[in-house]
Asks: 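Quick one: the structure is below, and I'll ask about it shortly.
Labels below follow one simple rule: chain letters A, B, ... track the order of the sequence lines, proteins then strands, and each chain is numbered from 1.
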2 protein chains.
Amino acid sequence: MAWTATNSEGYEAPAALAADVVVLTVRDARLEALTIDREDGTRALPGGFVQRHESPEQTARRVLGDKTGLDAVYLEQLATFAAPTRDPRGWIPSIAYISLVPPATQPSDPNARWTSARGRHPLAFDHRAILRHALDRLEGKLWWSNVAVGILPRTFTLSQAREVYEAIANTTYDPPTFARDLRTTGLITPTGSKRTAGPGRPASLYRFHAKKPQWGAGHRKRITG
Amino acid sequence: MAWTATNSEGYEAPAALAADVVVLTVRDARLEALTIDREDGTRALPGGFVQRHESPEQTARRVLGDKTGLDAVYLEQLATFAAPTRDPRGWIPSIAYISLVPPATQPSDPNARWTSARGRHPLAFDHRAILRHALDRLEGKLWWSNVAVGILPRTFTLSQAREVYEAIANTTYDPPTFARDLRTTGLITPTGSKRTAGPGRPASLYRFHAKKPQWGAGHRKRITG
DNA sequence: TAAATAGTGTCTATTAGACAATATTAG
DNA sequence: CTAATATTGTCTAATAGACACTATTTA
């Protein structure tokens, strides 16, 4: 049976309010999304219902904690999907979020798994459209924000950063040019130490100035504040 | 009394779902937003409740039609505001939209009026935050999309376009440079005719290629499709 | 030594900002 | 003619893309 709800004024109300999260990371140079295996065999994005007296962002963080064990991660509202028939259970709008987590994150929920973000896996509900929307948003913000903070470790080499940027942008960058351009964003600073891993010259380590979401120097065609 | 709703599963559900619209235009080189005078003397953004079997976008268009008489306008989802206490009437999340309309638009609702978008007028609920969010979004998209289509007439001079761009970006542009840069976006084409208005050399008329929302050539630091 | 990875330097094309100079109208 | 607006052209600075070359490590 479909869920329904009626408010105290006598009008039909949404049966519930959902918060779904597109959890992304970069593993082995591939952009991956966290998906949940459902009982009916289909897959879906992690999500949950917004409780009364809870903001949707809190719901998203709660879901993230349940599925990954993480608590302090990059989280940004994406868009709300509210077509009246999007959920077969009833009138359930969903507020979608994007979250970026470190690649070492292991799902704490046994039904959660990493899936290629650009693969062609079918997803339940309208989650495929939500995922697509998330990728578009992320690509657009990549160079104009410090979103990569969420995925990279606290200190990182320019090669590690490049791998993350390439996976998100789905392209390749010339290493010297990438290093120059990332440095001129003003978002990162060298830590002074180096990292040796196998053969090759040791790489300098960097960190982001701000751990919090922040816009970069951005466009030339600037808006006066 | 506060509105409440309970769903068929026994859980508290949102009392209603709202759709609020930030309707913007440029009049006399100023960015203005449509506001509604409420019975209690406060002002608010135009909005309404989403009906069952209606998408929030349809709600937004319905509200727009009621307040302005317009039907085919630029409309884009902005974000959802759903703090549990945002509406004193109860748990009522609001999906906010941005709409851009021609400057000649006269409110058809007697309580609707144009207000300076960057003024300091207080607004009911969290509508001040919604408006601020809308301005930020619009500034960010200005040069990377054809949003100005919604405000400019079907054919327009580069001076008219410049006035709109300057009002949105809250800055001034060098006229020759503005003309060059808008032309190189590839979004507009000359119609061949000219417009004479008062003294001065007649201006060439242009129109946008696409009437529909569309992204421009955009960033150099390009993402491969 | 060779292989591998990191980093510097440079050249060119594009884009942006500023502004001089010219063009075309009304009055 | 003068005032006003539109448009063309040019100069410079910043940014982006490509790539040659040097540096530092492991094996």
Asks: Would you mind reading off the distance between B:Ile188 atom CD1 and D:dT7 atom P, rounded to a whole angstrom?
Replies: 11 Å
Asks: Any chance the side chains of A:Ser193 and A:Thr191 put a donor and an acceptor closer than 3.5 Å?
Replies: yes
Asks: Students often get this wrong, so: under 4.0 angstrom with heavy atoms, is A:Arg195 touching a base, only sugar-phosphate, or nothing?
Replies: nothing
Asks: For A:Tyr165 and D:dG17, give me the distance from atom OH to atom P, rounded to whole Å.
Replies: 14 Å
Asks: Does A:Ser159 have a side-chain nitrogen or oxygen under 4.0 Å from the phosphate oxygens OP1 or OP2 of C:dA6?
Replies: yes
Asks: Within the 4.0 Å heavy-atom criterion, would you say A:Ala179 contacts the bases, only the backbone, or no part of the nucleic acid?
Replies: nothing
Asks: Roughly, in whole Å, what's the span from CG in B:Leu205 to C1' in D:dA6?
Replies: 12 Å
Asks: Which comes earlier along DNA chain C counting from the 5' end, the contact point of A:Arg180 or that of A:Ser204, where each point is its nearest nucleotide?
Replies: A:Ser204
Asks: From the options C:dG17, D:dC19, D:dT7, select the nucleotide whose nearest atom is closest to the side chain of B:Thr177.
Replies: C:dG17
Asks: Are B:Phe178 and B:Tyr165 close enough that their ring centers fall under 6.0 Å?
Replies: yes
Asks: Taking atom CZ of B:Arg113 as the centre, report whether more than 12 heavy atoms of other residues, nucleotides or ligands fall under 6.0 Å from it.
Replies: no
Asks: Going by atom types alone, do A:Arg183 and A:Tyr206 pair a side-chain donor with an acceptor below 3.5 Å?
Replies: yes
Asks: Does A:Thr157 reach a base, just sugar-phosphate, or nothing at all? Heavy atoms under 4.0 Å.
Replies: nothing
Asks: Could you check whether B:Pro202 gets within reach of a base, just the sugar-phosphate, or nothing at all, counting any heavy atom under 4.0 Å?
Replies: sugar-phosphate
Asks: Rounded to the Å, how far apart are B:Leu158 CG and D:dT8 C1'?
Replies: 13 Å
Asks: For B:Phe178 and D:dT8, give me the distance from atom CZ to atom C1', rounded to whole Å.
Replies: 17 Å
Asks: Name the closest nucleotide to the A:Asp174 side chain, picking from C:dT25, D:dA18, C:dG7.
Replies: D:dA18
Asks: Is a donor from one side chain sitting under 3.5 angstrom from an acceptor on the other, for A:Thr115 and A:Thr35?
Replies: yes
Asks: Let me know the distance between CZ of B:Arg183 and C1' of D:dA6, rounded to the nearest Å.
Replies: 10 Å
Asks: Could you state the atom-to-atom distance from CD of A:Gln160 to P of C:dT5 in whole Å?
Replies: 14 Å
Asks: What is the separation between atom CH2 on B:Trp143 and atom C1' on C:dT14, rounded to the nearest whole Å?
Replies: 16 Å
Asks: Whether A:Thr184 contacts D:dT15 is assessed here as follows: a side-chain N or O lying under 4.0 Å from the phosphate OP1 or OP2. Is that the case?
Replies: no
Asks: C:dA3 phosphate, OP1 or OP2: any side-chain N/O from A:Arg201 under 4.0 angstrom?
Replies: no
Asks: If you find the nucleotide of DNA chain D closest to B:Pro199 and the one closest to A:Gly198, which residue's nucleotide is nearer the 5' end?
Replies: B:Pro199
